Chemist: 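Just passing along the structure, written as structure tokens.
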2 protein chains.
Amino acid sequence: MIAKTKRCTLNDIAELSGVSKTTVSMVLNGRADEFRIKEETRQKILQIAEKNHYRANIYAKALQAQRTNTIGLVIPDFSNFGFAQTSQMLERLCRNHGLQLLISCSDEEPHLEAKAIENLLERQIDILITTPVCQKRKHYPYLNTIPTIQLDRFIADAPQIPYIITDDKSAVAAMVAQMINKYQLKEFYYLGGLLQLTPSEARLQGFKCGLQQAGLALQNDWISHRDYHSESGYIMMQQLLQRLGRLPQAIFVASYGLLVGVLRFLNEHQLLDQLSSQQLHLATFDDYELLNCLPFKIHSIRQDHEKIANALFQAILSLLEQKPIANQIIPAHLCWRD
Amino acid sequence: MIAKTKRCTLNDIAELSGVSKTTVSMVLNGRADEFRIKEETRQKILQIAEKNHYRANIYAKALQAQRTNTIGLVIPDFSNFGFAQTSQMLERLCRNHGLQLLISCSDEEPHLEAKAIENLLERQIDILITTPVCQKRKHYPYLNTIPTIQLDRFIADAPQIPYIITDDKSAVAAMVAQMINKYQLKEFYYLGGLLQLTPSEARLQGFKCGLQQAGLALQNDWISHRDYHSESGYIMMQQLLQRLGRLPQAIFVASYGLLVGVLRFLNEHQLLDQLSSQQLHLATFDDYELLNCLPFKIHSIRQDHEKIANALFQAILSLLEQKPIANQIIPAHLCWRD
DNA sequence: TTGTAAGCGTTATCAA
DNA sequence: TTGATAACGCTTACAA
């Protein structure tokens, strides 16, 4: 808005058409039939509204309807391809249904997350979708205040808050077990991210499961954990190599970010050709198109962001109708590159 | 909001404190001094508001203030790292200043763009930031209605609408010229995206400039153009190879998406080692961390998304104060990998 | 078939 | 130092 030619309101249209606000409101909301507005009046109003580019003021609407048709979404990171995909699809779905998605970013920082959520609550969002940064319910005092859906992760001690996540565990287990069999692996290392996040936990569990399924006994020093920055991938790879004094037979990396660090390390130490010659078998969680463009094969696990977005949207619709929703665990796809 | 325990309003706080709405409003807006509200009253109100988790209804506020403190942003693609970065930083800046950024996505489709913008206008955004998909002003009839900033591209026949873009031309020219000198190039091919977009045009101009600066005469068949999908990179590379019957000496690729296609082609045809052995020199617009992890060197150009976001934000502030703003052309950085 | 009036939660103006 | 009231633009009982 901001100064400039004043917007045209319901009242303006009413005056121009020589009828009352009520009539205009009914016609413009497609309830002309319901109230048996004369065809002639109807046409006139429609025409005048059209000509004047009338657009209802949603703030007035929200105020009187006591509902904003607005959904808040807090993700850790825009530049994370997966969250970007999910957000993009969800935004489209919402928009097509007259809902406005407000996207914010926590940067994995508790205080930024708190600020983002506080801001969304101020904006009277009808529903909150969040990827919680903290693990305890006590960090989220507003939880009873607003219908909430957890995305990608969940708070351990809030069983009544529904979540929509990827089935990390099954996917990792399947991939790990199959790799062991296929390559006759005698050892398998694991580089993971922040263990307190539920997906990290699930991926690690999947890894252990996979070993078990394939009958390979887990050794203590196979598992490393740090955070999800690519730098951590670099460091873990470096430490692993120092410890072993040689390249391991196989490594599962828990995220693409970590993989980038691992690759950078291997590249800087001229070890990438060990990958090409299959001396080292690499697999990663997350899938990127670039993995198809490398002179070595890295298997990957692709989350189904479309399904996730759809599930989120269905959940939104249910909540808006006050219906309860169930947790959803969306399968992931194994991408084999041979 | 959606049913649940009714939110607490100004009125509620007023009744609880035994004063009028006016007083509460003044205190809660930090204007207690201005109106010389008694310290005692002040404290009581603050306390009661605090205890009841009072949050002002911004819809009521917007309605009465005739201004929404809301900024609309339409980008082509969330999953594009650059746009994601810019959006993320801009969102943070806006939020920290009490502005709400509404992010939408056009998918490079004119009709989706139109819908997204229409939706934002309905939401009474104060300012629109857009990456226009179409080239003619006539596709954007609302342009006089709302203060607008163009991001990354601009419409040719709308010189009065300010834009903020990267200095593609200079960066490409510098990189191309330096590569020619460094590698003693006798030929240089160019794979570009949709020519009607202003950045494509600028990058191509930069390429031509670079040749000229280095004294290399442009040949007709050096330049190919398609859209920005990775598939196009693949196809252009394929056609180039067919045409030449050999690998060229050097190629500049106009975007990371195209580069992915090019690499996929080279990989599928076992040509990547030509890259490692510097038989083929590759450079690309856009910079990704993964380029540091490859067993071959690809030079790149990094846009300064932080500067762009900051420039956008400054422009927003100016426009909100009704001040005019100037076009901005932000320098890019050359990332050499040797 | 259409109009009147109240009310949604704020803020601003003016009065007390 | 504080309060009453109108207004923002819209929807919806209820009235005509």
Side-chain angles (χ1 to χ4, degrees), chain A residues 1-3 6-46 49 52-70 98 121-124 126, chain B residues 1-3 6-46 49 52-70 98 121-124 126:
Chain A
M1 299 184 301
I2 202 178
K6 204 186 138 305
R7 278 180 60 123
C8 128
T9 77
L10 239 208
N11 234 326
D12 299 336
I13 304 293
E15 284 183 10
L16 286 171
S17 337
V19 299
S20 78
K21 294 199 297 182
T22 315
T23 313
V24 178
S25 171
M26 295 185 303
V27 170
L28 261 25
N29 285 314
R31 304 178 63 185
D33 280 350
E34 195 178 327
F35 291 94
R36 305 129 166 275
I37 307 294
K38 218 196 301 172
E39 184 57 29
E40 194 191 321
T41 325
R42 200 181 296 205
Q43 287 312 324
K44 189 166 51 175
I45 293 176
L46 251 17
N52 292 66
H53 302 106
Y54 171 75
R55 265 189 285 261
N57 184 325
I58 57 146
Y59 288 78
K61 272 191 150 143
L63 187 56
Q64 100 84 30
Q66 296 287 78
R67 165 211 243 266
T68 62
N69 287 315
T70 274
L121 292 178
E122 238 167 52
R123 301 234 150 218
Q124 325 258 115
D126 291 329
Chain B
M1 295 175 309
I2 202 177
K6 203 184 140 307
R7 279 179 61 121
C8 128
T9 77
L10 241 206
N11 233 324
D12 300 335
I13 303 294
E15 284 183 11
L16 286 170
S17 337
V19 298
S20 77
K21 295 197 296 182
T22 315
T23 313
V24 179
S25 171
M26 294 185 301
V27 171
L28 262 25
N29 285 312
R31 305 178 61 186
D33 281 349
E34 193 177 330
F35 291 96
R36 304 129 163 274
I37 307 294
K38 219 195 301 172
E39 185 56 28
E40 192 192 325
T41 326
R42 202 181 295 205
Q43 288 311 326
K44 188 167 50 175
I45 293 176
L46 251 17
N52 292 65
H53 302 107
Y54 171 74
R55 263 189 284 262
N57 184 325
I58 56 145
Y59 288 78
K61 271 192 154 146
L63 187 58
Q64 104 80 31
Q66 297 287 79
R67 164 210 244 268
T68 63
N69 287 316
T70 275
L121 292 179
E122 238 166 54
R123 302 231 151 223
Q124 326 257 116
D126 290 330

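Below, read A as the first sequence line, B as the second, and so on, with proteins coming before strands; counting in each chain starts at 1. Nothing here was measured: the structure is a model prediction, and the numbers come from that model.
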Chemist: Between the side chains of B:Thr22 and B:Ser25, does any donor sit under 3.5 Å from an acceptor?
Modeler: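 B:Thr22 vs B:Ser25: no donor-acceptor pair found between side chains.
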
Chemist: OP1 or OP2 of D:dG9 less than 4.0 angstrom from a side-chain nitrogen or oxygen of A:Thr9, does that happen here?
Modeler: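 No, no such contact exists.
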
Chemist: Under the side chain to side chain contact (heavy atoms under 4.5 Å, CB included) criterion, do B:Val27 and B:Thr41 qualify, and how do the steps go?
Modeler: CA-CA 9 Å; B:Val27 171; B:Thr41 326; 6.0 Å; no

Chemist: Any donor-acceptor pair under 3.5 Å linking the side chain of B:Asn57 with the backbone of B:Tyr59?
Modeler: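 Yes; judged by distance alone, with no hydrogens or angles, the pair exists.
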
Chemist: Between D:dC8, D:dT2, D:dT1, which nucleotide has the shortest distance from any of its atoms to the side chain of B:Arg36?
Modeler: D:dT1

Chemist: Expressed as a whole number of angstroms, how long is the span from B:Glu34:CD to D:dT2:P?
Modeler: 15 Å

Chemist: With a 4.0 Å cut-off, would you call A:Lys21 and A:Asp12 a salt bridge?
Modeler: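 The answer is no: the pair does not qualify as a salt bridge.
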
Chemist: Given D:dG9, D:dG3, C:dG3, identify the nucleotide with an atom nearest to the side chain of A:Leu63.
Modeler: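 Of the options given, the side chain of A:Leu63 lies nearest D:dG9.
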
Chemist: Could you tell me the separation between the CG atom of A:Asn11 and the P atom of D:dC8, rounded to a whole number of Å?
Modeler: 9 Å

Chemist: Over how many whole Å does the gap from A:Glu122 atom CD to C:dG9 atom P extend?
Modeler: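 The answer, rounded to whole Å, is 16 Å.
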
Chemist: Take the C1' atoms of the five end pairs on each side of the helix from C:dT1-D:dA16 to C:dA16-D:dT1, derive the two axes, and give their angle rounded to 10 degrees.
Modeler: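 Here the helix ends are tilted 50° relative to one another.
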
Chemist: Looking only at side-chain N and O atoms, does A:Thr41 come under 4.0 Å of OP1 or OP2 in C:dT1?
Modeler: no

Chemist: Using whole Å, report how far CG of B:Asn69 lies from P of D:dC8.
Modeler: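 After rounding, the reported distance stands at 19 Å.
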
Chemist: Can you check the A:Arg67 CZ to D:dT11 C1' distance for me, whole Å?
Modeler: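 In whole Å, D:dT11 C1' lies 15 Å from A:Arg67 CZ.
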
Chemist: How far does NZ of A:Lys44 sit from OG1 of A:Thr23, to the nearest 0.5 angstrom?
Modeler: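 A:Lys44 atom NZ to A:Thr23 atom OG1 measures 10.0 Å (nearest 0.5 Å).
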
Chemist: With sequence neighbours left out, what residues match A:Glu40 under salt bridge (Lys or Arg N to Asp or Glu O under 4.0 Å)?
Modeler: none

Chemist: When you compare the side chain of A:Asp33 with that of A:Met26, does any pair of heavy atoms fall below 4.5 Å?
Modeler: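 The answer is no; the side chains never approach within 4.5 Å.
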
Chemist: C:dT1 C1' sits how many Å from A:Arg42 CZ, rounded?
Modeler: 11 Å

Chemist: It should be established whether A:Ser20 places a side-chain nitrogen or oxygen under 4.0 Å from OP1 or OP2 of nucleotide C:dG3.
Modeler: yes

Chemist: Quick one: which of C:dG9, D:dA4, D:dT1 gets closest to the side chain of A:Gln66?
Modeler: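 Nearest nucleotide to the side chain: C:dG9.
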
Chemist: Does some side-chain heavy atom of A:Val19 sit less than 4.5 Å from a side-chain heavy atom of A:Ile13?
Modeler: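 A:Ile13 does not reach A:Val19 side chain to side chain.
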
Chemist: Go along nucleotides 11-16 of chain C 5' to 3' and tag each nucleotide: B for a protein heavy atom under 4.0 Å from its base, S when only backbone or sugar atoms are that close, - otherwise.
Modeler: BBB---

Chemist: Could you tell me the separation between the CG atom of A:Asn57 and the P atom of C:dT10, rounded to a whole number of Å?
Modeler: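 Computing the A:Asn57:CG to C:dT10:P distance gives 16 Å.
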
Chemist: To the nearest 0.5 angstrom, please state how far the CD atom of B:Gln124 sits from the CZ atom of A:Arg55.
Modeler: 8.5 Å

Chemist: Separation of A:Arg123 atom CZ from C:dT10 atom P, in whole Å?
Modeler: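 After rounding, the gap between these two atoms is 14 Å.
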
